[in-house]
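Below is one structure, written out as structure tokens; the observations come after it.
Heavy-atom basis, side chains included; hydrogens, waters and symmetry copies ignored. Start at 1 and go down the list; that is how both ligands and their atoms are numbered.
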Amino acid sequence: MTSLHADLTARRGEFALDVRFDVPAGSVLAVLGPNGSGKSTLLGCLAGLHLPDRGTITLRGRTLTSAPRVHVPPHARSVGLLAQDALLFPHLSVLDNVAFSPRARGASKAAAREVALRWLTEVDAVGLAGRRPGQLSGGQAQRVAVARALAGDPALLLLDEPLAALDVDAAPAVRGLLRRVLGAREPERATVLVTHDPLDALALADHVVVLARGRVVERGPTRQVLGAPRNPFTARIAGLNLVPGTATADGLRTRGGGHVSGLPAPDVVPGEPAVAVFAPGAVAVHPAGAPPKGSPRNTVGAVVGGLEPHGAVVRLRAVDGEDWAEGVTADLTPSAVAELGLEPGTPVRLAVKATAVAIHPAPSQ
Ligand code: ADP
Ligand code: MG
């Protein structure tokens with residue numbers, strides 16, 4: 001059953017957000033997109049902080065927004081918002097911060113505190129109940145903010161990059177907590193999670209929408225969208241390489257006139273627009289000019305653009321080169337980077353096995 005329905009246009013200066021989507025009760029929708037694509041504007045409209053220029057938002061059949069006339073204020077929406085910063089009330093204790101929403105919904109002081117204690121236990125912060133927000137670390141404050149967002153038993157839970165402001169030591173505990181509370185799938189609740197981390201989307205969300213410049217460019221079940229992106233924005237977010245072109249019997253003719261061999265999906269039609277998708281881990285880096293050998297490979301001359309740490313590996317981004325090399329990423333071990341003497345400007349040859357390349361139909365736009 002659809003719980004949240006949104007169909008709206010919201011302008012902010014030159015920028016326009018124009019989206020339509022539904023979130024079924026009991027499910028989590030991830031909103032992915034580059035910086036400035038409108039993710040926070042969207043959550044602001046859902047939370048009641050922004051009035052859209054046009055459109056409607058309904059939650060469990062109740063109209064929250066019908067622009068420009070109906071605009072239910074944030075506190076009356078049954079919406080819980082967890083932002084990047086915890087935004088706790090500085091003058092209230094942790095316990096009273098969490099008790100705030102049940103209290104605002106009419107619970108007695110004692111009952112509200114009981115609910116707050118239950119949620120503080122749930123987020124492993126009951127020992128912090130008597131502190132002021134100023135006495136908490138970033139990770140502790142965010143755990144308390146999770147408890148506060150949930151203590152009001154919201155019909156709609158909104159999370160705006162809840163891990164983005166945390167340092168690397170604090171993020172894993174909050175990520176684990178979110179996986180636990182969102183994984184429980186409160187059957188009546190709709191959740192919208194803004195994230196730029198595809199792994200969080202994969203772990204937490206049933207469906208994703210990808211926003212670019214205020215519009216939905218891709219949508220669908222999380223695994224399907226991130227495993228086989230059809231759009232360059234999605235591929236970039238998913239951390240995958242994507243080369244556009246025209247499908248052939250055994251791969252794809254690139255726009256530069258070259259050919260990438262791969263494994264066509266069953267719905268690929270030769271002659272139609274298609275994309276070749278492959279992971280950075282599937283791209284081997286060789287010295288420039290080295291002849292390819294072994295199983296069938298796609299190779300291309302490239303120039304190293306950037307080298308950045310990416311977990312335990314180094315991610316190389318090609319800036320330039322032949323045909324489809326531009327923008328391709330490859331993961332290497334730090335020792336391979338040293339062995340090959342790689343630095344920005346180094347010419348290299350990239351190789352990808354045909355069996356590591358998936359060919360998918362490109363979206364019809
Ligand atoms: P995201 O959360 O995806 O990074 P935002 O929703 O914050 O994106 O912003 C979308 C666009 O809206 C931005 O590119 C910017 O141009 C515009 N914008 C955001 N906030 C304001 C503001 N306060 N005033 C005018 N324009 C804004
Ligand atoms: Mg934002």
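At under 3.5 Å, not a single nitrogen or oxygen of Gly13, backbone or side chain, sits near a nitrogen or oxygen of ligand 1.
Distances from the Mg ion (ligand 2) show that Ser40 has an N/O/S atom below 2.8 Å.
Atoms of ligand 1 lying under 4.0 Å from at least one heavy atom of Thr41, given by number and element, are 5 (P), 6 (O), 9 (O), 10 (C). If you number the atoms of ligand 1 from 1 as listed, the ones under 4.0 Å from a heavy atom of Pro34 come out as 3 (O). Ligand 1 places these atoms under 4.0 Å from at least one heavy atom of Asn35: 4 (O). Against a heavy-atom cut-off of under 4.0 Å, Ser40 is close to the following atoms of ligand 1: 1 (P), 2 (O), 6 (O), 7 (O).
Cation-pi check for Arg148 over Phe89 is met; the charged atom lies under 6.0 angstrom from the ring centroid and within 45 degrees of its normal.
Distances from atom 18 (N) of ligand 1 to the heavy atoms of Arg213, Arg12, Arg11 show the closest one on Arg12.
Arg236 CZ: 12 or fewer foreign heavy atoms inside a 6.0 Å radius.
Judged by distance alone, with hydrogens and angles left aside, the side-chain atoms of Ser27 form no donor-acceptor pair with the main-chain N or O of Val23 at under 3.5 Å. Checked by atom type and distance alone, the side chain of Lys353 never pairs as donor or acceptor with a backbone atom of Ala282 at under 3.5 Å.
Per-atom contact check: atom 1 (P) of ligand 1 touches the protein, criterion being a heavy-atom distance below 4.0 Å.
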